[in-house]
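Note sheet for the following structure.
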Amino acid sequence: MSETFSSRPVRVAVVGAGPAGVYASDILAKAQKKHDLRFSIDLFDRYPAPFGLIRYGVAPDHPRIKGIIKALHKVMDRGDIRLLGNVDIGTDLSIEDLRSHYDAVIFATGAIKDADLNIPGVELEGSYGAADFVSWYDGHPDYPRDWPLEAEQIAVIGNGNVALDVARVLSKHAEDLLTTEIPDNVYRELEKSPVSDVHVFGRRGPAQVKFTPLELRELSHSRDVDIVLDEEDFDFDEASDEAIKSNNQIKTMVNTLTNWLIEQEERTEEASRRLHLHFLHQPVEILEGKNEDGSGTGKVAGIRFERMELDGTGNVKGTGEYLDYEVQAVYRAIGYFGSEVSGIPFDDKRGVILNEAGRVLDEEGRHIPGTYATGWIKRGPVGLIGHTKGDAMETIDCLISDIENLPEAESPDEQAIVDLLESRGVEYTTWEGWLKLDEHELQLGQKATASGSVERERVKVVPREDMVQISRA
Ligand code: NAP
C-alpha cells in the first residue's frame with residue numbers, strides 16, 4: 001500500500017445521494033475490513049434531502065418502495081458516510097475543488113431529464129415530459145408548485161413503467177391518493193382535474209411492452225376507472241409467440257391484458273373514468289388547436305399516430321394508415337436521459353458519462369485517474385433500483401484495484417471541504433438535518449391525519465428554502 005494511504009484514509013467523494021450513490025458508499029465502507037484500507041466518504045447531493053429518485057421519482061402510491069428507503073436510511077444511520085446536501089457540483093463546488101479535496105470521485109448523478117421526442121408539435125402548450133410531471137407530483141424542490149390539469153382527454157406515450165405511473169396518477173381519483181405522501185398542492189390540483197379518459201400508446205405490440213407484471217396488474221386496482229383495450233391491437237407475430245413462450249414476465253403480462261380484454265365484454269357498470277391501452281401506435285405529430293380565424297392556438301388539441309404492424313422479428317413497420325385522437329394534453333414517457341456534469345466527458349447519444357465498467361474515460365478512451373461513475377449515469381436509465389447495487393460493486397472493485405494509482409488530494413482533511421463550503425456561504429445540509437426534516441414531515445402527516453378523515457403517514461415539505469431551514473435549524 002502507498003505510504004500516504006497507510007497513514008491516512010482514502011478520501012472519496014460520491015456525487016448523488018440516490019440509491020446508486022448510497023449503495024456505492026455502503027459497499028466502499030464495507031470493503032475496508034476485507035482490503036485492510038480506510039475510506040473517508042462524503043456523499044454529496046444537490047437537493048437538501050437524500051434518496052434521489054426514490055424520493056423524487058417513485059409514484060406516491062407505491063409504498064413498498066419505502067422498504068428501500070428504510071434500508072438506505074439504515075446505511076446512513078451507521079454514521080460512517082457523511083452527507084453534504086444542498087451542494088451543487090458545478091455551481092457550489094467545481095470538479096477542481098473535488099479533485100483537490102478527494103483522492104477519488106464517484107459520480108452517481110442518475111438521469112432525471114426526459115428523452116427527446118422529435119415530432120412536430122412537441123413544443124405546444126399541453127405537451128409535457130413525464131419526468132417533469134413525476135417531479136411535480138413527488139414534490140421536487142426545484143419544480144413549480146402548480147401544474148395545469150385541465151384536460152379531459154390525455155395521451156401518454158410509451159409502454160414502460162413510467163408511462164404506467166403517470167397514467168395511474170392522472171386517472172386516479174385524488175382522494176384515493178390522499179393516503180400517500182403527496183404534497184398538499186398536488187392533492188389540490190389533482191382534485192380539480194376534469195379528466196375522463198387517459199390513453200396510453202405503445203409503438204409496438206402487447207408482447208413487446210417494457211412494463212413489469214406487478215406494475216401492469218396494479219392498473220386494475222384503481223377505483224372507478226375502467227381499463228379499455230382494442231381487440232385489433234392483439235396481433236402476435238412469430239417473435240411475439242416466441243417471447244410469450246420463453247419469457248415468463250411477457251407471458252404473465254400478455255395473459256393479464258388478454259383477460260382484461262375478455263372482462264371488458266362482460267362489464268355491466270361503467271366507471272366515470274377510463275384508462276385505454278393502445279398498441280402498434282407510432283406518434284407522428286402533436287396537433288395544434290385552431291382559432292376561428294384559422295390561426296393556431298399554440299395548445300395541444302390532438303395527436304396523430306401511424307398504425308404499425310409487427311414485422312415478424314418483434315419490431316414494427318408502418319402501414320401508411322394514420323389515426324387522430326382528440327386530446328388536450330400529451331405526456332411523453334419514452335425514457336429518461338442523463339445530464340452532463342460540466343468538466344466530465346459525456347456520451348450525448350446515450351446520455352451517460354463516458355466509462356468502462358465504471359472507470360471514467362477521456363475522449364481518447366483513457367481512464368481519468370481517480371474518477372468513476374455508477375448507476376444510471378454509468379449505464380443508462382434502465383433497470384429496477386436493485387440493479388444499481390451490481391453496478392456499484394463493479395465500480396468499487398475498479399476503484400479498489402486502482403488504489404495505488406489514485407491522484408492524491410492536496411487538502412484531504414475532512415474539515416477542509418466544510419470550511420470551503422462555509423467560506424462560500426453554501427447552506428449545506430447533513431444527515432442530522434435530514435433526521436429533523438424526516439421527523440417534521442412525519443409530524444405533518446400526524447397533524448393531517450388528526451384533522452382529516454384519512455390516515456397520512458407523511459406530508460412532504462416543499463419548497464427548497466423550507467427544507468433547508470428545517471434541516472439547518
Ligand atoms: P423504458 O422502460 O425504457 O420504456 C420506454 C418506453 O418508451 C418503451 O415502451 C419504448 O418503446 C417507448 N419509446 C421510446 N422511444 C419512443 C418513441 N420515439 N416513440 C414512441 N415510444 C417510444 O423507460 P421508463 O418507463 O422511463 O422506465 C425507466 C426504468 O425505470 C425502467 O427500467 C422501469 O422499469 C423503471 N421504473 C420502475 C418502476 C416501478 O414501479 N417498478 C416505475 C418507474 C420506472 P420501445 O420498447 O419500442 O423502444
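What you see is a predicted model, and the numbers here were worked out from it, not measured in a lab. For ligands, and for the atoms within them, numbers begin at 1 and follow the listed sequence.
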Enumerate the atoms of ligand 1 whose separation from the nearest heavy atom of [X] is less than 4.0 angstrom.
X: Glu215; value: 39 (C), 40 (O), 41 (N)
X: His62; value: 40 (O)
X: Asp165; value: 42 (C), 43 (C)
X: Arg204; value: 45 (P), 46 (O), 47 (O)
X: Leu384; value: 34 (O), 37 (C), 41 (N)
X: Trp376; value: 29 (C), 30 (O)
X: Val382; value: 32 (O)
X: Pro381; value: 28 (C), 29 (C)

Return yes or no for this condition: an N or O of [X] is under 3.5 Å from an N or O of ligand 1.
X: Lys210; result: yes
X: Gly383; result: yes
X: Asn161; result: yes
X: Val162; result: yes

Hey, does [Y] have a side-chain heavy atom less than 4.5 Å from the side chain of [X]?
X: Val200; Y: Leu219; answer: no
X: His278; Y: Phe305; answer: no
X: Leu43; Y: Met76; answer: yes
X: Thr395; Y: Ile27; answer: no
X: Arg458; Y: Asp438; answer: yes

Any salt bridge between [X] and [Y], counting N to O under 4.0 Å?
X: Arg55; Y: Glu181; result: no
X: Arg307; Y: Glu321; result: no
X: Asp92; Y: Arg46; result: no

Quick one: look up the protein heavy atom nearest [atom] and list residue, atom name and how far away it is.
atom: atom 12 (C) of ligand 1; result: Gly158 CA, 4.1 Å
atom: atom 15 (N) of ligand 1; result: Arg203 NH2, 3.4 Å
atom: atom 23 (O) of ligand 1; result: Gly335 CA, 4.0 Å
atom: atom 7 (O) of ligand 1; result: Ile334 CA, 3.3 Å
atom: atom 4 (O) of ligand 1; result: Gly160 CA, 3.5 Å
atom: atom 6 (C) of ligand 1; result: Asn159 N, 3.7 Å

### Euclidean distance, Leu280 CG relative to Leu310 CG, rounded to 0.5 Å
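If we round to the nearest 0.5 Å, Leu310:CG and Leu280:CG are 5.0 Å apart.
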### Query
Parallel, tilted or perpendicular: which fits the ring planes of Phe133 and Trp136, with parallel below 30° and perpendicular above 60°?
parallel
### Message
More than 12 heavy atoms of other residues, nucleotides or ligands under 6.0 Å from NZ of Lys290: yes or no?
### Response
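Yes, the 6.0 Å shell around NZ holds more than 12 heavy atoms from other groups.
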### Message
A quick test of your reading: do over 12 heavy atoms of other residues, nucleotides or ligands sit less than 6.0 Å from CD of Glu457?
### Response
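No, the 6.0 Å shell around CD holds no more than 12 heavy atoms from other groups.
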## Note on the structure
Quick look: Leu214 vs ligand 1, heavy-atom contacts under 4.0 Å, and the answer is neither
### Message
Under 4.0 Å, heavy-atom basis, I'd like to know which part of Ala333 is in contact with ligand 1: side chain, backbone, both or neither.
### Response
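For Ala333, only backbone atoms sit under 4.0 Å from ligand 1.
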